[in-house]
2 protein chains.
Amino acid sequence: MSAHSAPAQTEIHTPAASRCAHDFQVNCNNCRLNTICLPLALDIAQVEQLDRIIQRSRPLQKGEHLYRQDEDFQSVFAVRAGSVKAYSITDNGQEQVTGFYLPGEVLGMDGIAKNRHASSARAMETSSICEIPFEKLGELSLRIPSLQKHFFQLMSQEISDDQRLLTLLSKNSADQRVAALLLSISARNKRRQLSAANFRLPMSRTDIGNYLGLTVETVSRVFSRFQKMGVLGVDNKEISIVDVEALRAVADGSENA
Amino acid sequence: MSAHSAPAQTEIHTPAASRCAHDFQVNCNNCRLNTICLPLALDIAQVEQLDRIIQRSRPLQKGEHLYRQDEDFQSVFAVRAGSVKAYSITDNGQEQVTGFYLPGEVLGMDGIAKNRHASSARAMETSSICEIPFEKLGELSLRIPSLQKHFFQLMSQEISDDQRLLTLLSKNSADQRVAALLLSISARNKRRQLSAANFRLPMSRTDIGNYLGLTVETVSRVFSRFQKMGVLGVDNKEISIVDVEALRAVADGSENA
DNA sequence: ATTCCGGCTTGACGCAGGTCAAACCGGGGC
DNA sequence: GCCCCGGTTTGACCTGCGTCAAGCCGGAAT
């Protein structure tokens, strides 16, 4: 294992959560992710109201489900620590990974429309999750306009993200897709004050392939190629971005190869 | 021109709109699309409140823009008649059609997150549009809980739709993609009490290809193939679905060819 | 230490769909 | 009528990625 595995590991022990493994008393005000998952516009009293409806259950083990497709929709979820993948299965049985969710990110909003989850979500590693009952969130939003706005924005962001992914899938080569995913994860790590250059991918090659519309083999080959090109350091799931500029160039198709 | 062009043409003259070409007094209560674009849960008085904030401008001509990427976001839009395509252009200049919007459907919600439109929208034919100022909609939603819920649902539906499209792009063949699009349009026509079997495609082959992540040539070839197979009747943009079951079989990959 | 097993890598080969090029078709302007 | 022009179709060829198959690597169980 390489040197940067240690910082990556701390992901699942945020300051708040690590004070005690069974500390379910963590609240939004002392959560270091609150600038990411919460509206900045809320004052302390409002955050406390929100806090009161949020449920924090025991950590999920790797592989456990947060919710399953077609189950009744009750809540949306925020990742506090760890990571989660969302995926859906179509009528004819094909599985599609629709998103990877890292700490501070919110998932489950696709269930609102039909009051049934349109996808399943499972932990890719041991994870702590905040459950936000949607009925109550709606009520609270009626009294806190900025909260309503924040949720409209969150959902809108999810739409934009999906549309960017759409473009990626329909227009870009395997190299570009993988490069874009790595840059996305890098940026999201950076937002959480983690290293943008060195990190551990929580998902398998298979998941990456499924998400990006590629086979495992292709994903693996791309990683190898990037490594050979001196753009990436790859040690199984440990990734280090050696040449960000080159990676960006690949991502938007302007490399001179 | 074939026999079914007439009903298709009436699309741009809804009962409400056709009373007078410049009748901007149309309102939600007498709009025959209100069960599609409006919450069923609103009572007459509430619909009137909503009605008061909705703006109906002169019809858009083919090719005119409803809004442009990166412009300030002010409103979401509902298609009353005609049809609209939404598309975005990435940093490196590639265009991606992100959706086709038919009467009763709402677009523009991807602009909420950043308060700037994340995509552009232009009329694919002469179209009437309802503009719904988002600021006011938010305020009204605070007073009409079912309206707030409806908009959460609308946005959630858009997320689900995008995710289904994602799966289509990442897992399905050209034949499957085109078949799925045709079935989608057919179903949406049916919902508006129009023929599910015979209709006029408002978009070009190029747009279809762009939307589905295919080239024009491939789209054209698929149409030809479907026609040869006796699944479809194709006369330029006039489509008739001859064998729905076969088309469904193609769409979910269970055809025995 | 040995085996097992799931995830990852690498190679050889084939095909669906992209690319390039040419021709067609239908509507609008003159 | 004629020409023009954008959209569409069709064909011939090429390639990126999927498929199939084999081998590798590392952690868990015994």
Side-chain angles (χ1 to χ4, degrees), chain A residues 1-2 5 9 61-63 85 94-97 124-126 168-179 200-229 232-239 250 253 255 257, chain B residues 1-2 5 9 61-63 85 94-97 122 124-126 168-179 181 200-229 232-239 250 253 255 257:
Chain A
M1 268 218 186
S2 54
S5 66
Q9 277 298 73
Q61 294 305 313
K62 174 175 178 166
K85 78 164 172 177
Q94 35 197 352
E95 182 174 329
Q96 168 74 35
V97 173
M124 295 189 294
E125 59 192 309
T126 307
L168 195 67
L169 293 198
S170 94
K171 300 281 185 300
N172 294 16
S173 69
D175 283 11
Q176 293 179 302
R177 297 184 208 185
V178 174
R200 180 185 178 78
L201 292 175
M203 70 291 280
S204 68
R205 299 286 191 270
T206 307
D207 284 340
I208 294 177
N210 191 317
Y211 178 67
L212 295 176
L214 302 169
T215 57
V216 208
E217 292 95 326
T218 299
V219 174
S220 178
R221 277 185 254 267
V222 172
F223 274 117
S224 301
R225 205 174 312 141
F226 283 175
Q227 193 164 26
K228 232 167 272 169
M229 287 163 60
L232 236 53
V234 182
D235 173 16
N236 202 352
K237 297 194 164 164
E238 297 294 338
I239 300 291
V250 172
E255 14 66 283
Chain B
M1 263 212 192
S2 53
S5 66
Q9 278 298 73
Q61 295 304 313
K62 174 172 178 167
K85 78 164 172 177
Q94 37 194 350
E95 182 176 329
Q96 168 74 35
V97 172
R122 86 158 71 181
M124 295 189 293
E125 60 192 309
T126 307
L168 195 65
L169 294 198
S170 95
K171 300 281 185 301
N172 294 15
S173 70
D175 284 11
Q176 292 178 303
R177 295 184 209 186
V178 174
L181 176 61
R200 179 183 180 79
L201 292 175
M203 69 292 279
S204 69
R205 300 283 191 271
T206 307
D207 285 339
I208 293 178
N210 191 317
Y211 179 67
L212 295 176
L214 302 168
T215 58
V216 209
E217 293 95 326
T218 300
V219 174
S220 178
R221 278 186 254 266
V222 172
F223 274 116
S224 302
R225 205 175 312 140
F226 283 176
Q227 193 166 27
K228 230 168 273 169
M229 287 163 61
L232 235 55
V234 182
D235 173 16
N236 201 353
K237 298 195 163 164
E238 295 294 338
I239 300 290
V250 172
E255 16 64 282

Nearest-angstrom distance from the residue atom [atom1] of [X] to [atom2] of [N]:
X: A:E125; N: C:dG7; atom1: CD; atom2: P; result: 16 Å
X: A:R205; N: C:dT10; atom1: CZ; atom2: P; result: 10 Å
X: B:K62; N: D:dG6; atom1: NZ; atom2: C1'; result: 10 Å
X: B:R225; N: C:dA16; atom1: CZ; atom2: P; result: 9 Å
X: A:N236; N: D:dC24; atom1: CG; atom2: C1'; result: 12 Å
X: A:M203; N: C:dC8; atom1: CE; atom2: C1'; result: 16 Å
X: B:D235; N: C:dC25; atom1: CG; atom2: C1'; result: 11 Å
X: A:M124; N: C:dG6; atom1: CE; atom2: P; result: 21 Å

### Query
So which of residues 206-219 of chain B are in contact with DNA chain D, with a heavy-atom cut-off of under 4.0 Å?
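Contacting residues: B:T206, B:E217.
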### Message
More than 12 heavy atoms of other residues, nucleotides or ligands under 6.0 Å from NZ of B:K237: yes or no?
### Response
yes
### Salt bridge B:R200-B:E238, side-chain N to carboxylate O under 4.0 Å
yes
### Task
Report the residue (B:S224 or A:R221) whose heavy-atom-nearest nucleotide on DNA chain D is the more 5′ of the two.
B:S224
Could you go through residues 214-221 of chain B and list every donor-acceptor pair under 3.5 Å that involves a side-chain atom there, pairing it with any protein atom two or more places apart or in another chain?
from	atom 1	to	atom 2	distance (Å)
B:T215	OG1	B:T218	N	3.3
B:T215	OG1	B:T218	OG1	3.0

### Query
Mind checking what makes ring-ring contact (aromatic ring centres under 6.0 Å, His included) contact with B:Y211, not counting sequence neighbours?
B:F100
### Pairs involving residues 201-215 of chain B, ordered by first then second residue, that meet salt bridge (charged side-chain N to carboxylate O under 4.0 Å, His left out) (sequence neighbours left out)
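Of all non-adjacent pairs touching residues 201-215 of chain B, those that pass salt bridge (charged side-chain N to carboxylate O under 4.0 Å, His left out) are B:K85-B:D207.
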### side-chain hydrogen bond (donor to acceptor under 3.5 Å, both in side chains) partners of B:E95, counting only residues at least two apart
none
### Query
Does A:V234 reach the side chain of A:F226, with side-chain heavy atoms less than 4.5 Å apart?
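Sidechains of A:F226 and A:V234: no contact.
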#### Entry: Non-hydrogen atoms of A:G213 and B:S170 that approach each other most closely
CA-CB, 3.6 Å
#### Entry: Heavy-atom pair of closest approach, residues B:V250 and B:M229
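Shortest heavy-atom separation between B:V250 and B:M229 comes out as CG2-CE, 4.4 Å.
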### Message
Does B:S220 reach a base, just sugar-phosphate, or nothing at all? Heavy atoms under 4.0 Å.
### Response
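Base contact.
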## Note on the structure
When the rotation axes relating C1' atoms of four end pairs to the next four are compared across the helix from C:dA1-D:dT30 to C:dC30-D:dG1, five pairs an end, they differ to 10° by 40°
